[in-house]
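Here the structure comes first, spelled out in structure tokens, and everything after it is commentary.
Order of the sequence lines fixes the chain letters, A, B, ..., with proteins taken first and strands second; residue numbering starts at 1 for each chain. Quick caveat, the model's predicted, so the values are computed rather than measured.
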Amino acid sequence: MGRLARTSGLKLAAVSLGLLLAILLALTGRRYAARPEHRLIVAAVRQPATSLFFVAREGGCFDREGLAIEERDFEVGRDALVELLQGSADVAMAYETPILRSYARDDRLRVLTTLHTSTRNTRVVARRDRGIAAVGDLGGKRIALARGTNAEFVADHILTLGGVPRAAVTIVDLPGERAAAAVTTGEVDAAVLWDPYAERAREALGGGALELATDLYAEFSMVATRADTIAARRPALLALLRGLACADRLLRDHPAEADAAIRGRFPDQSDRDLRAALGRVTRGIGLDEMLGTVLRREAEWMFRQPGVEPPDLSRLVDPTLLDEVEPEAVNLVARR
Amino acid sequence: MARLREKIFVPTAVLAAVVGLTLAVLGAATALDSRALAREVNEVRRANALALAATQAADAEQRWVLSYRFRPDAALAARIAEADARTARLLRDAGALALRPRAAALWEQYGRARTLLVSSRDELLGAIRANAAHDVSLAFERWHLAAERVNALLASFQTYHARLLERTVADLQRRRELALLIAAAAALVGTLVGVAAAVLLARRVAAPIVAMSSAAGRIAEEGLAVPVGGEERNDELGVLARSFNLMTERLTSANARLAEAVRMRDEFISIASHELKTPITALKLQTQSLLRLAARDPSRGIPPERLVEATGRFERSVSRVAALVENMLDVSRLTTGQLALRVQEVAVRDLVREAADRMTEELAQAGCTVRVECDSPAVAAVDRSRLDQVLMNLISNAARYAPRNPVVVRCRADEGELAIEVEDRGPGIPPEHHERIFGRFERAAADGSAQAGLGLGLYISREIARAHGGELSVRSDPGAGATFVLRLPLRPAPARAARQAIERGPSGT
């Protein structure tokens with residue numbers, strides 16, 4: 001082939017391909033600029049149930065999204081939500097019960113995604129030596145729990161399903177660690193606890209411990225923010241959700257490595273206890289109809305006083321961001 | 001040389017390949033998308049059918065259980081069992097479906113919730129049958145919670161697939177729009193590049209061809225030699241341009257030669273007509289004179305002395321015509337290569353002296369004397385009559401162009417070559433005419449005036465010399481006379497020499 005002809009052909013091919021590529025890039029709208037940096041203050045609750053967040057941190061998921069996290073730890077979600085609604089945090093973790101309570105006071109609260117669900121995480125740890133062999137034996141007993149948390153709902157739920165009137169028990173308001181200590185020392189007869197405190201109390205009591213739970217209760221931990229934060233910091237929140245989706249995939253594809261990465265977050269738990277605790281929860285992002293059912297039921301319970309209307313939950317859950325990040329994780333029935 | 005076909009077709013082929021490949025990829029992607037969509041739709045359809053069936057079964061069962069609470073009879077119990085069995089079959093059938101991970105997780109949760117529902121249902125039915133109101137209340141609460149969970153999970157399962165289908169269709173729509181845009185872009189790029197290529201081709205290919213066509217038209221109509229550009233190209237068009245220009249050049253040259261030949265032919269005819277007319281007119285006049293003379297006194301007839309005189313004039317005129325015709329025949333023979341030499345051994349000295357003797361009368365009439373300086377004993381193999389013709393022509397020219405001047409004829413032979421010179425003391429011949437005088441029909445004198453005769457003598461003489469393998473040339477300067485030099489090999493190869501003479505072509509062409 002003549003050199004001139006080959007050169008002409010190559011030039012023509014290069015021009016054509018270059019034009020096509022430019023058009024393709026423009027059409028697909030890809031940008032190859034460096035990712036912008038985001039920063040969020042997260043009011044976190046460090047539990048095995050909420051460890052999806054820590055998998056994301058330790059697994060580098062947030063780093064890949066250009067998201068810098070300032071973590072502020074709280075023992076319970078109730079307190080993390082206070083931080084959020086005061087404006088000192090951008091995002092908070094909490095279970096469904098404090099979420100509902102906070103929402104009733106401040107309807108700026110918005111749920112972005114769940115972190116876990118479980119029917120066995122929050123449970124009653126009772127002392128057998130107080131004559132407790134079943135739920136029905138809790139009548140007349142002192143039960144320690146953290147008010148304003150899901151422990152309060154679990155206690156009522158278990159008592160109702162066990163046929164024990166609420167008024168038949170004495171509730172002692174103690175945060176998780178102290179409640180665990182109280183049941184261990186015998187200060188109370190039982191405590192409503194979640195891991196690691198439940199496991200700690202059970203181990204301390206050994207054979208003298210009785211765990212009472214019901215599969216008819218499903219708990220959810222969630223990531224919540226404020227409506228104004230969604231409006232002002234949407235890209236950062238999307239980066240947070242993409243990071244959590246990354247952690248979700250890590251847990252699915254490389255569970256052992258993911259859990260090994262967060263080992264250092266729970267130094268006060270043994271490997272066995274941590275494994276057992278993680279085995280009682282199902283971690284993952286999502287917003288589905290089960291969450292909606294739980295929220296409605298707890299809202300009915302929470303606002304069961306005569307004449308009190310439960311808050312309108314239609315705006316509590318904002319699926320739009322998670323829908324943008326992981327559409328398959330959003331399975332809420334549309335309600336008009 | 002870069003072939004024109006490659007210059008045209010390679011870029012075009014590359015362009016067509018790029019556009020075609022793009023469209024083919026798009027077509028394949030669209031086809032794959034369609035198949036993927038079909039698979040997705042099928043998957044969703046089956047999953048939705050499963051969820052719908054499970055929901056219907058769950059609804060039915062829950063209705064029967066609620067009814068049973070208020071009317072516990074065997075028929076309702078049977079229906080509850082039937083709904084339970086249907087749901088159990090659905091759970092088994094679901095194992096054959098290829099569900100996505102999230103859908104599979106939801107279905108697994110549903111299975112666990114279903115187990116819880118069954119146990120709470122059985123507990124409730126037992127409490128109803130036992131008519132234990134308190135137990136029924138608690139059991140109902142538990143069953144209701146379990147049913148609520150089952151319903152929520154089924155709703156999530158259905159919602160998952162409905163949204164999956166929406167996203168798949170939307171995604172496919174976006175990809176098809178993108179594919180259409182890309183196809184349009186490819187078509188646009190292809191069109192733009194094609195137009196550019198067409199313009200380029202028009203300029204680089206069509207334009208030269210149009211120019212050549214125009215030039216060919218002008219040559220055909222006007223006979224003008226119009227060169228075309230593009231000789232510098234290294235493709236077929238360059239070859240065509242160079243060939244076209246060379247052809248034009250050769251045609252022009254051939255035309256010029258043809259025109260010159262026609263001019264010379266016309267001139268020859270004119271001269272020949274004129275030269276022949278003179279002796280023929282003289283013959284005619286002489287004949288008419290004799291006839292008048294005879295007619296004047298038929299009884300006496302023509303006086304013998306007048307008859308002898310007239311016959312002599314006849315003879316001279318006829319000789320002249322015969323000589324002219326013979327010259328023309330010689331030219332024809334030379335042109336057609338039919339000049340045959342009858343070679344024989346001839347004593348050079350005798351040849352020269354005899355030629356000089358035969359020209360004595362003509363020399364005398366011109367007032368010239370002739371001196372022969374030829375004592376060579378050499379013998380040459382020549383055509384005697386042709387050599388004689390040459391010598392007589394040279395001597396005749398000397399008398400004609402240098403009257404009243406001596407003419408010297410010399411000969412010498414050495415080293416196998418014979419040289420005969422005929423020298424006159426005439427006005428001489430300018431150097432610029434030295435070759436021209438050997439051309440056909442050239443008759444100019446030194447002063448440029450035309451001389452009588454066809455102008456073939458020197459041409460024929462040179463051709464005869466060349467036919468012998470020799471040459472005839474002239475040494476002369478204006479005012480210093482002229483010396484014609486005839487060189488011949490003593491032993492020529494006449495056939496080869498004749499061929500060489502013919503191959504050289506006639507002088508002056």
Quick test of your reading: applying salt bridge (charged side-chain N to carboxylate O under 4.0 Å, His left out), list the pairs with at least one residue in residues 155-169 of chain B, sequence neighbours left out, ordered by first then second residue.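 Checked against salt bridge (charged side-chain N to carboxylate O under 4.0 Å, His left out) - neighbours excluded - the pairs reaching residues 155-169 of chain B are D323(A)-R163(B).
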So which pairs with a foot in residues 44-63 of chain B pass ring pair (Phe, Tyr, Trp, His ring centres under 6.0 Å), sequence neighbours left out?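 Every pair satisfying ring pair (Phe, Tyr, Trp, His ring centres under 6.0 Å) with a residue in residues 44-63 of chain B: there are none.
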Ring pair (Phe, Tyr, Trp, His ring centres under 6.0 Å): which pairs involve residues 108-132 of chain B, sequence neighbours left out? W107(B)-Y110(B)
For the residue pair F153(A) and Y217(A), categorise the inter-ring angle as parallel (less than 30°), tilted (30 to 60°) or perpendicular (more than 60°). tilted
Parallel, tilted or perpendicular, as decided by the 30° and 60° cut-offs, for the rings of W143(B) and F140(B): tilted
Measure distances from R174(B) to the heavy atoms of chain A and classify the residue's part below 4.5 Å as side chain, backbone, both or neither.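 Nothing of R174(B), per the 4.5 Å heavy-atom cut-off to chain A.
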Closest approach of V55(A) and R283(A), non-hydrogen atoms and distance? CG2-NH1, 4.3 Å
As an exercise: rank V330(A), T214(A), T282(A) by heavy-atom pairs under 4.5 Å with chain B and give me the winner.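 Going by pairs under 4.5 Å, I would pick V330(A).
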Could you go through L291(A) and T114(A), starting from their C-alpha distance and side-chain angles, then the distance that decides it, and tell me whether this counts as side-chain contact (heavy atoms from CB on, under 4.5 Å)? CA-CA 8 Å; L291(A) 172 67; T114(A) 59; 3.8 Å; yes
For chain A, which residues of residues 147-162 of chain B have heavy atoms nearer than 4.5 angstrom: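 E148(B), R149(B), A152(B), L153(B), A155(B), S156(B), T159(B), Y160(B) fall under the 4.5 Å cut-off.
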